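Input: a single structure, listed below in C-alpha cells.
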Protein chains: 2
Amino acid sequence: MQLKKYTDYGLRILMYLGAKEGAKESSNNRTEAPERLTTIKDICETFSLSSNHVNKVVHHLGRLQLIETRRGKNGGFFLAKAPNEIRLDYVIRQLEGDEPWIECHNPYCVALPACELNGIVARGKELFYDYLREFTLADLLKKRGQLQQIFSTAS
Amino acid sequence: MQLKKYTDYGLRILMYLGAKEGAKESSNNRTEAPERLTTIKDICETFSLSSNHVNKVVHHLGRLQLIETRRGKNGGFFLAKAPNEIRLDYVIRQLEGDEPWIECHNPYCVALPACELNGIVARGKELFYDYLREFTLADLLKKRGQLQQIFSTAS
DNA sequence: TCAAAGATACATGAATAATGCATATTATAA
DNA sequence: TTATAATATGCATTATTCATGTATCTTTGA
Ligand code: SF4
Ligand code: SF4
C-alpha cells in the first residue's frame, strides 16, 4: 500500500517546473516558452534519477496536458497551466492509475454478492482523493525559495 | 495502490467466523468454544485459497487477539471478540502494515526539507483510516443470512 | 546535415507479494 | 501411550509488478 515512485516522480517534476517558473518575473502567457526549457536531463541530475523512467513520466504528463513538451534541439518542457490549476487528486489519480483498492474478481471471490467491504473501501478511497482535491501544485510551492535553492544546488 | 490479498483474506476469515457465529443461538460467553471449530481447511475450501497463506493470516489474527486459536485435534479458531468490537481500521492497518504511502528516504529525496507533499498524502491516508474506523465486523455481516448460504454452499 | 532533444518499443533487473514445502508443536481421542 | 489432526514456524520458490536499461525513431533548431 504505497504510491508508485512513478507518481512521485511526476510530482517532483511539476514542483521543479513550478519553482523554476517562480524564478523569473512570471510571464502571463503560459504557452510561451521561457528562455531555456527544462530537460529530462535536468530533472535526472537534480533528483539523481534514471532518465528512462523520467522519460516516461514526462511523456505521460505531456499527454495529460499538464506540461507542454518540445522536441528537437533546445527542446524540453514547461508547465502548461498555472500551478493553482493543477489539482493533486487529478495528477495522482492519473499517474497512479485509478484501479479499485481491493480486488474481488480475478480470482472471483464467493462472498462478493453479499459483501459490504468493497463498497466501504471504495468510499474510503474516494475520501482520500476528495482530500487531495483541496490542494494544487501551488500549495506544494509554499516554500518556493527554498525549493529553488535546493534545485539549483543539487548537481 | 491496492490492498494486499493477505489483508483481504484476513477480513474474509473474520466474515466467515462472524457469519457462522450468527448461525447458532449466540452464546454470550465468547471465550467458550462452539461445537466444532472452524479450521484453516474450512476457509481454504470455502474461498479456494492456498492453505499456507491462510495459515499465516490466521496466525496473525491470533496474535492480534481478534480470534482465538486452538491447536491439536478438534482444534481451530473462533472470534475472540464480538463483531461490533472489531474495527475495520484496526484490522486493515495491522494486516496491511502501517507504512507511509510515499517514500521520501531510501533513496533520499532532495526536496524533502521543503516538501509539502508528503504531509498532504499522510493526512489523506489518515482520513482513509478515519473513515474505516466508523465500521466494524458487524457492518460486514449485514447480509448474514446470504453469507451463511454462500459459505455453506461453497465446496 | 548534424546534434540535441523527446517519443516509442522492447528487454532486463529488482522488489515484494503470493504460494509451496517441510517440520515442529500441541492437544485430543482411541 | 500412541496415532492423528490441528496450528506454529521457518525457509524456499514462484509470480507479479515496478523500476530501470538499451536501442532506435522522430522532430527541430542551428
Ligand atoms: S471479501 Fe468482499 S471485498 Fe474481499 S474480495 Fe470478497 S467480495 Fe471483495
Ligand atoms: S517530492 Fe516530497 S513527497 Fe516526494 S519523495 Fe520528495 S520529499 Fe517525499
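Lettering follows sequence order; numbering is per chain, from 1. Source: prediction; values computed, not measured.
For B/T136, the side chain to side chain donor-acceptor pair (under 3.5 Å) test picks out no residue, with sequence neighbours left out. Scored by the salt bridge (Lys or Arg N to Asp or Glu O under 4.0 Å) test, B/E45 finds B/K41 as partners (sequence neighbours excluded).
The side chain of B/S50 contributes an N or O atom lying less than 4.0 Å from OP1 or OP2 of C/dG20.
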The contact string for nucleotides 23-30 of chain D, one letter per nucleotide 5' to 3', using protein heavy atoms under 4.0 Å with B, S and - for base, sugar-phosphate only and none, comes out as ---BBBBS
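Among residues at least two apart or in separate chains, there is no ring pair (Phe, Tyr, Trp, His ring centres under 6.0 Å) pair with a member in residues 79-99 of chain B.
In the helix from C/dT1-D/dA30 to C/dA30-D/dT1, the terminal helix axes, each the rotation mapping four pairs' C1' atoms onto the next four within five end pairs, subtend 0°, rounded to 10°.
We find that CD of A/Q2 is positioned 17 Å from P of D/dT17, with the value rounded to whole Å. What separates CG of B/L37 from C1' of C/dT28 is a distance of 12 Å, to the nearest Å. In this structure, A/I67 places its CD1 atom 10 Å from C1' of C/dG6, rounding to the nearest Å. Taking atom CD of residue A/E96 and atom C1' of nucleotide D/dC18, one finds them 11 Å apart after rounding to whole Å.
For A/F47 and A/F151, the distance between ring centers is under 6.0 angstrom.
Using a 4.5 Å heavy-atom cutoff, the side chains of B/Y6 and B/H53 are in contact.
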Atom pairs, protein N/O to nucleotides 11-18 of chain C N/O, distance under 3.5 Å:
| unit_1 | atom_1 | unit_2 | atom_2 | d |
| --- | --- | --- | --- | --- |
| C/dA18 | OP1 | B/K5 | N | 2.7 |

